[in-house]
> 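Please see the structure below; I have some questions.
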Amino acid sequence: MTDERGAVISELLRSHRSIRRFKTDPIEPELIERICADAIQGSSSSGNLNTFALVLTEDPARKAKLCALHYEQPMIRQAPLLITFCADVHRTRRWLTLREARDNFNNLQGFLVAAFDAIILAQSVALACEAHGLGICYLGTTIDAATEIARTLELPETCVPVTSLVVGYPDEAPARRDRLPLAAYLHRERYQPPADADFLDLYAERESKGWQRYQALGPDMAAKMAEHGITSLAQFYTSDLKYAPARCEATSEQFSQLLVEQGYTDRLRGTARRKQG
Ligand SMILES: Cc1cc2nc3c(=O)[nH]c(=O)nc-3n(C[C@H](O)[C@H](O)[C@H](O)COP(=O)(O)O)c2cc1C
């Protein structure tokens with residue numbers, strides 16, 4: 001029995017692929033609720049306070065608005081469901097207030113704990129979706145556009161979006177994306193960094209496959225890479241075409257500001273200070 005359950009979970013994990021093309025078929029409302037309820041029940045949570053909120057967006061007009069905030073990633077319009085996962089201590093704090101307990105969690109620790117709870121839940125939802133034949137894709141752009149998303153979803157104080165999942169029935173069967181060899185991630189008893197040559201060996205297959213994959217996206221991408229003087233996958237990752245340092249810095253600054261505005265903390269980064277008066 002244990003072996004069977006283990007084999008089912010292994011198969012589920014091994015068959016994961018992010019899906020970026022979806023059928024427009026709706027998802028049965030009972031299935032969405034069951035997945036959310038199962039995932040909440042099946043996710044550990046700090047102090048069992050469950051400091052998260054999920055906002056389900058199915059209305060096409062609202063989805064289109066959020067799609068624009070997520071840099072127009074087309075799968076968002078296509079798929080029937082977008083779930084925004086929020087680090088939410090607002091609900092818990094309201095309960096504390098109504099029960100005349102001391103306020104707490106409107107601080108960086110509260111945000112971190114709530115963000116971890118929300119991310120753990122998101123992955124449980126992702127797995128449950130996949131187990132039910134649905135496809136998912138995370139949206140890292142949630143962090144980039146967190147301020148506008150918070151406004152659009154009318155998030156209250158100490159409630160901040162941390163990730164999103166696009167959900168729907170898959171309309172593609174992409175190849176599995178490889179990971180580095182296990183040795184790259186796994187350290188026994190203490191962190192043991194390999195020598196540079198061994199280290200690059202761990203990345204060799206990723207570099208060649210990743211490079212080929214981006215080049216295969218078409219002549220436009222290949223031309224853009226050449227224009228930016230990109231000659232390796234590593235260079236691509238921090239180029240202006242992917243994770244440009246300046247854009248990451250700007251996002252960091254904005255997100256810090258959002259944590260201040262939403263009442264989580266007033267002690268983050270240079271310019272992010274709680275407004276006086
Ligand atoms: C936090 C997070 C944010 C992501 N953001 C995006 C995104 O904005 N757009 C996208 O197409 N894929 C996004 N992805 C999917 C990753 O690109 C994908 O998981 C990775 O390439 C590995 O592929 P796989 O999920 O098919 O194994 C994101 C994944 C994670 C975990």
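All heavy atoms count here, side chains included; hydrogens, waters and symmetry mates do not.
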> Sort and list the pairs that fulfil side-chain hydrogen bond (donor to acceptor under 3.5 Å, both in side chains) and have at least one residue in residues 56-70, not counting sequence neighbours.
H70-T141
> Hey, does the side chain of R91 reach the backbone of F52 with a donor-acceptor pair shorter than 3.5 angstrom?
yes
> Same cluster or not: are L112 and V89 linked, directly or through other Ile, Leu, Val, Met, Phe, Trp or Tyr residues, by side-chain heavy atoms under 4.5 angstrom apart?
yes
> Salt bridge check, R151 against E261: does any charged N sit closer than 4.0 Å to a carboxylate O?
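A salt bridge is present here (some side-chain N lies under 4.0 Å from a carboxylate O).
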> Identify the heavy atoms of E172 and R21 that sit nearest to each other, and give their distance.
OE2-N, 3.4 Å
> Set out, in order, the CA-CA distance, both residues' side-chain angles and the distance that settles side chain to side chain contact (heavy atoms under 4.5 Å, CB included) for R14 and R176, then state yes or no.
CA-CA 9 Å; R14 293 258 162 203; R176 188 166 80 179; 4.0 Å; yes
> Could you check whether any side-chain N or O of Q257 sits under 3.5 Å from a backbone N or O of E253, counting only pairs where one atom can act as donor and the other as acceptor?
no
> Supply the atom-to-atom distance L127 CG to D38 CG, rounded to the nearest 0.5 angstrom.
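The CG atom of D38 is 12.0 Å from CG of L127, to the nearest 0.5 Å.
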> Report yes or no: do L121 and I35 belong to one cluster of Ile/Leu/Val/Met/Phe/Trp/Tyr joined by side chain heavy-atom distances under 4.5 Å?
yes
> Which heavy atom in F255 sits nearest to a heavy atom in V160, and how many Å separate them?
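In this case the closest contact between F255 and V160 is CZ-CG1, 3.6 Å.
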> For a quick test of reading the model, state the closest non-hydrogen atom pair linking L82 to S164 and the distance between them.
CD1-CB, 4.1 Å
> Would you mind reporting whether L180 and L202 have side-chain heavy atoms less than 4.5 Å apart?
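A side-chain contact under 4.5 Å is absent here.
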> Quick check for you: to the nearest 0.5 Å, what is the distance between D220 atom CG and E227 atom CD?
10.5 Å
> Using only atom types and a distance under 3.5 Å, with no angle test, would you say the side chain of H90 pairs donor to acceptor with the backbone of C159?
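No: the side chain of H90 does not pair with the backbone of C159.
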> Distance from L69 atom CG to L139 atom CG, nearest 0.5 Å?
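Interatomic distance, L69 CG to L139 CG, rounded to 0.5 Å: 11.5 Å.
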> Measure the spacing between CG of N106 and CG of L108 and express it to the nearest 0.5 Å.
11.5 Å
> Taking E207 for its side chain and A234 for its backbone only, find out whether a donor-acceptor pair lies under 3.5 Å.
no
> Above 12 or not: heavy atoms from other molecules or residues under 6.0 Å from CD of E154?
no
> In Å, rounded to the nearest 0.5 Å, how long is the span from CG of D144 to SG of C248?
8.0 Å
> Side chain of Q123, backbone of I119: donor and acceptor closer than 3.5 Å?
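No, because the side chain of Q123 does not come within donor-acceptor range (under 3.5 Å) of the backbone of I119.
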> Flag the pair V162 / C86 as yes when at least one side-chain heavy-atom distance between them is below 4.5 Å, and no otherwise.
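No; the side chains remain at least 4.5 Å from each other.
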> Using a 3.5 Å distance criterion without hydrogens, assess whether the side chain of Y264 forms a donor-acceptor pair with backbone atoms of T158.
yes
> Please find the pair of heavy atoms, one from P174 and one from S18, that lie closest to each other, and give the distance.
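Here P174 and S18 meet closest at CG-O, 3.6 Å.
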> Show the numbers, then the answer: is there a salt bridge (charged side-chain N to carboxylate O under 4.0 Å, His left out) between D171 and K23?
CA-CA 5 Å; D171 197 22; K23 296 178 179 152; 5.2 Å; no
> Measure the spacing between SG of C67 and CD1 of I76 and express it to the nearest 0.5 Å.
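Result: 4.5 Å between the selected atoms.
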> Mind checking whether M225 and Q215 have side chains closer than 4.5 Å, heavy atoms only?
yes
> May I ask you to check whether T142 and T163 show a side-chain donor-acceptor distance below 3.5 Å?
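Result is no, nothing qualifies.
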> What's the verdict on side chain to side chain donor-acceptor pair (under 3.5 Å) for E148 and T152, showing C-alpha distance, side-chain angles and the deciding distance?
CA-CA 6 Å; E148 293 81 3; T152 304; over 6 Å; no
> So, do F111 and T265 sit near enough that their side-chain heavy atoms are less than 4.5 Å apart?
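No. Closest side-chain heavy atoms not under 4.5 Å.
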> Considering only heavy atoms from C-beta outward, does the side chain of E130 approach that of L13 to under 4.5 Å?
no
> Students often mix this up, so state it plainly: with edges at 30° and 60°, are the rings of Y214 and F236 parallel, tilted or perpendicular?
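Because their plane-to-plane angle lies in the 30° to 60° range, the rings of Y214 and F236 count as tilted.
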> Taking side chain as C-beta onward, heavy atoms only, is V167 less than 4.5 Å from F22?
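Not touching, per the 4.5 Å side-chain cut-off.
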> R177 side chain to A175 main-chain N or O, any donor-acceptor pair under 3.5 Å?
no
> Linking I/L/V/M/F/W/Y whenever their side-chain heavy atoms sit closer than 4.5 Å, directly or via other members, would F199 and L182 fall into one cluster?
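No: no chain of side-chain contacts under 4.5 Å links F199 to L182.
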> Just checking, any donor-acceptor pair under 3.5 angstrom between side chains of Q212 and S208?
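No, S208 and Q212 have no side-chain donor paired with an acceptor closer than 3.5 Å.
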> Is there a side-chain contact between H16 and L12, using heavy atoms and a 4.5 Å cut-off?
no
> Go through the steps for D240 and R247 under the test salt bridge (charged side-chain N to carboxylate O under 4.0 Å, His left out), then give the verdict.
CA-CA 8 Å; D240 286 352; R247 193 159 66 82; over 6 Å; no
> Could you give me the CA-CA distance, side-chain angles and deciding distance for D88 and T51, then say whether side chain to side chain contact (heavy atoms under 4.5 Å, CB included) is met?
CA-CA 5 Å; D88 177 24; T51 45; 5.8 Å; no
> I143 and T251: side chain to side chain contact (heavy atoms under 4.5 Å, CB included), yes or no, with the steps?
CA-CA 7 Å; I143 301 294; T251 298; 3.7 Å; yes
> For residues L56 and F85: do they belong to one hydrophobic cluster (side chain heavy atoms under 4.5 Å, members Ile, Leu, Val, Met, Phe, Trp, Tyr)?
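Yes, because L56 and F85 connect within a single hydrophobic cluster, where side-chain heavy atoms sit under 4.5 Å apart.
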> In terms of side-chain heavy atoms, does S45 have a donor or acceptor partner in N50 at a distance below 3.5 Å?
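A donor-acceptor contact under 3.5 Å links the two side chains.
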> For Q73 and R20, run side chain to side chain contact (heavy atoms under 4.5 Å, CB included): C-alpha distance rounded to whole Å, both residues' side-chain angles, the deciding distance at 0.1 Å, then the answer.
CA-CA 9 Å; Q73 299 196 60; R20 297 181 179 84; 5.9 Å; no
> Counting heavy atoms not belonging to R94, are there more than 12 under 6.0 Å from its CZ?
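No, the 6.0 Å shell around CZ holds no more than 12 heavy atoms from other groups.
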> Is it possible for you to say whether V125 and V166 belong to one hydrophobic cluster, with membership spreading through side-chain heavy-atom contacts below 4.5 Å?
no
> Kindly indicate whether the side chain of F105, heavy atoms from C-beta on, has any atom under 4.5 Å from the side chain of L96.
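A side-chain contact under 4.5 Å exists here.
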> Are there over 12 heavy-atom neighbours, none belonging to Q109, within less than 6.0 Å of that residue's CD?
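No, the 6.0 Å shell around CD holds no more than 12 heavy atoms from other groups.
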> So, for D117 and S44, which heavy atoms are closest and what is the spacing to 0.1 Å?
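Looks like OD1-O, 4.3 Å.
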> Charged N to carboxylate O under 4.0 angstrom, R77 versus E72?
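Result for this pair is yes, salt bridge flagged.
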> Do you know the tightest heavy-atom contact between P161 and A150?
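So the two residues come closest at CD-CB, 4.1 Å.
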> Can you name the one residue among L165, I40, T84 that meets side-chain contact (heavy atoms from CB on, under 4.5 Å) with L54?
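That would be I40.
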> So does D178 have more than 12 non-hydrogen atoms from other groups sitting under 6.0 Å from CG?
yes
> Under 6.0 Å from the six-membered ring centre of Y237 and within 45° of its axis: does the NZ or CZ of R206 meet both?
no
> Surrounding OH of Y71 (heavy atoms of other residues, nucleotides or ligands, distance under 6.0 Å), is the total greater than 12?
yes
